[in-house]
Amino acid sequence: MSAEPDRRGPLRRLRTWIGGTPEDRPEVAWIIVGEPVQTPSKGDAYDFEVTVRCAWHDGQRPVTEIRSRAADYESLVQEKIAVATRCVLRAYPPHQAAEAETCLNAQLDVLARQGLPETTLGWSARAEVTLHTDVRALQQQAWTRALQQDALHDFSQQLVSNYTEMATQWRRLLAMLGIDALDAELPPAPYLARHLLRLAAQPEHAADVVDQLAEQREAKDDELLTTVFQAVDNANNVNLLEFDVAHNSALVRLMQWAGLPVADWSSPSTPEGTR
């Protein structure tokens with residue numbers, strides 16, 4: 001490397017002479033913004049658009065001389081940048097502009113640290129990689145669908161939370177009205193579940209839903225009591241104790257599930273007219 005004249009300013013030369021050391025960071029930097037270039041992506045179907053910002057700096061020269069000195073090395077640096085850009089970006093598919101940009105800038109940092117021959121001039125570069133317009137349109141469509149799905153998911157989460165709270169409140173009210181027996185540890189009876197959801201979603205139809213529930217509950221009570229009496233009569237007729245006990249246990253659980261009062265069937269007697 002050939003020696004060059006000492007072009008440092010007087011203050012810097014004086015500070016070095018009395019024992020100081022020049023700062024590692026240069027005092028000035030001159031930024032060149034390159035024109036956007038098209039570089040093929042992986043598969044050659046689409047191009048990336050790349051813009052490179054190149055900074056020239058030299059702590060040994062005043063700012064007025066950096067521009068002229070950089071002109072001597074600009075073609076060399078631009079060739080290094082062009083080769084690195086093409087090699088790096090062809091390894092990335094056309095939708096991975098961010099990943100390609102990160103890798104390219106890392107490679108440019110490596111090249112810049114290698115320095116330039118026979119000069120104290122240094123350079124650095126930052127690349128901006130953007131998508132092809134067609135790829136951007138496809139990405140926008142994909143992200144639109146993704147955002148819609150995320151919004152729908154969030155809405156569903158909120159809806160489930162709201163319905164859970166409202167259905168619980170409606171179940172308490174139905175228990176107060178005598179339509180259902182509330183047991184927080186047990187799920188609602190199957191005939192009640194769909195009505196709870198409708199009450200949570202359409203509270204303006206509450207009166208109609210409650211009327212319908214009352215009618216259905218009365219019909220269910222009649223049907224269940226008829227089944228109970230028939231089962232007990234059958235047990236008495238065949239006079240089988242084991243059958244009676246098993247049937248009685250099943251009926252008790254069924255009545256409890258339905259929210260009906262459970263009578264003592266240990267000595268069943270079902271005279272007509274007790275309903």
Side-chain angles (χ1 to χ4, degrees), residues 1-13 15-17 20-143:
M1 180 180 294
S2 62
E4 291 190 351
D6 189 352
R7 299 173 185 245
R8 292 172 294 175
L11 183 59
R12 183 183 290 260
R13 290 199 303 270
R15 185 165 57 247
T16 303
W17 182 77
T21 57
E23 294 87 348
D24 294 333
R25 183 174 62 85
E27 294 182 351
V28 295
W30 180 50
I31 304 297
I32 301 174
V33 181
E35 293 294 328
V37 296
Q38 306 295 323
T39 302
S41 62
K42 185 176 182 179
D44 293 333
Y46 297 95
D47 292 339
F48 287 120
E49 183 175 275
V50 185
T51 302
V52 178
R53 301 174 182 273
C54 189
W56 299 87
H57 51 81
D58 191 340
Q60 305 298 320
R61 289 182 172 82
V63 63
T64 55
E65 295 185 13
I66 290 181
R67 186 185 302 268
S68 60
R69 186 61 173 164
D72 298 336
Y73 292 92
E74 183 176 358
S75 60
L76 174 61
V77 170
Q78 292 299 326
E79 180 64 19
K80 289 176 177 287
I81 292 174
V83 172
T85 298
R86 188 173 181 86
C87 292
V88 169
L89 297 192
R90 292 198 69 140
Y92 286 88
H95 65 284
Q96 292 186 355
E99 294 83 352
E101 180 176 298
T102 299
C103 184
L104 176 56
N105 282 320
Q107 182 62 29
L108 294 179
D109 287 342
V110 172
L111 294 176
R113 285 197 297 270
Q114 295 175 358
L116 296 171
E118 299 182 352
T119 182
T120 56
L121 188 69
W123 65 279
S124 62
R126 301 300 296 171
E128 299 174 1
V129 182
T130 57
L131 298 172
H132 189 280
T133 53
D134 293 343
V135 177
R136 183 184 297 275
L138 293 174
Q139 289 289 87
Q140 288 173 343
Q141 295 174 10
W143 274 103

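Side chains are part of it too, since the values below use all heavy atoms of this structure and drop only hydrogens, waters and symmetry mates.
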Legend entry - Separation between CZ of Arg90 and CG of Asp47, rounded to the nearest 0.5 Å: 9.5 Å
Inset, instruction - Answer yes or no: is there a side-chain heavy-atom contact under 4.5 Å between Gln38 and Glu49? - result: yes
Legend entry - Between CD on residue Glu35 and OG1 on residue Thr51, distance to nearest 0.5 Å: 8.5 Å
Inset, instruction - Of all the heavy-atom pairs spanning Arg69 and Glu118, show the shortest one and how long it is. - result: NH2-O, 3.5 Å
Inset, instruction - Look up atom CG in Leu131 and atom CD in Gln96, then write down how far apart they are to the nearest 0.5 Å. - result: 10.5 Å
Legend entry - Arg86 versus Pro40, closest heavy-atom pair with distance: NH1-CD, 3.4 Å
Inset, instruction - Find the distance between OG1 (Thr130) and CZ (Phe48) and round it off to the nearest 0.5 Å. - result: 9.0 Å
Legend entry - Spacing of OG1 belonging to Thr119 relative to OH belonging to Tyr73, to within rounding of 0.5 Å: 4.5 Å
Less than 3.5 Å apart, which donor and acceptor atoms pair up between the side chains of residues 101-117 and the rest of the protein, not counting sequence neighbours?
unit_1: Glu101; atom_1: OE1; unit_2: Val129; atom_2: N; d: 2.8
unit_1: Thr102; atom_1: OG1; unit_2: Ala98; atom_2: O; d: 3.1
unit_1: Asn105; atom_1: OD1; unit_2: Ala127; atom_2: N; d: 2.6
unit_1: Asn105; atom_1: ND2; unit_2: Glu101; atom_2: O; d: 3.2
unit_1: Asn105; atom_1: ND2; unit_2: Ala127; atom_2: O; d: 3.2

Legend entry - Within-4.5 Å side-chain heavy-atom neighbours: Trp123 and Leu76: no
Legend entry - Short side-chain to backbone donor-acceptor contact, Thr120 and Asp58, under 3.5 Å: no
Inset, instruction - Heavy atoms only: give me the nearest Ile81-Ala125 pair and the separation to one decimal. - result: CD1-CB, 4.0 Å
Inset, instruction - Nearest 0.5 Å please: distance from the CD atom of Glu74 over to the CH2 atom of Trp56. - result: 6.5 Å
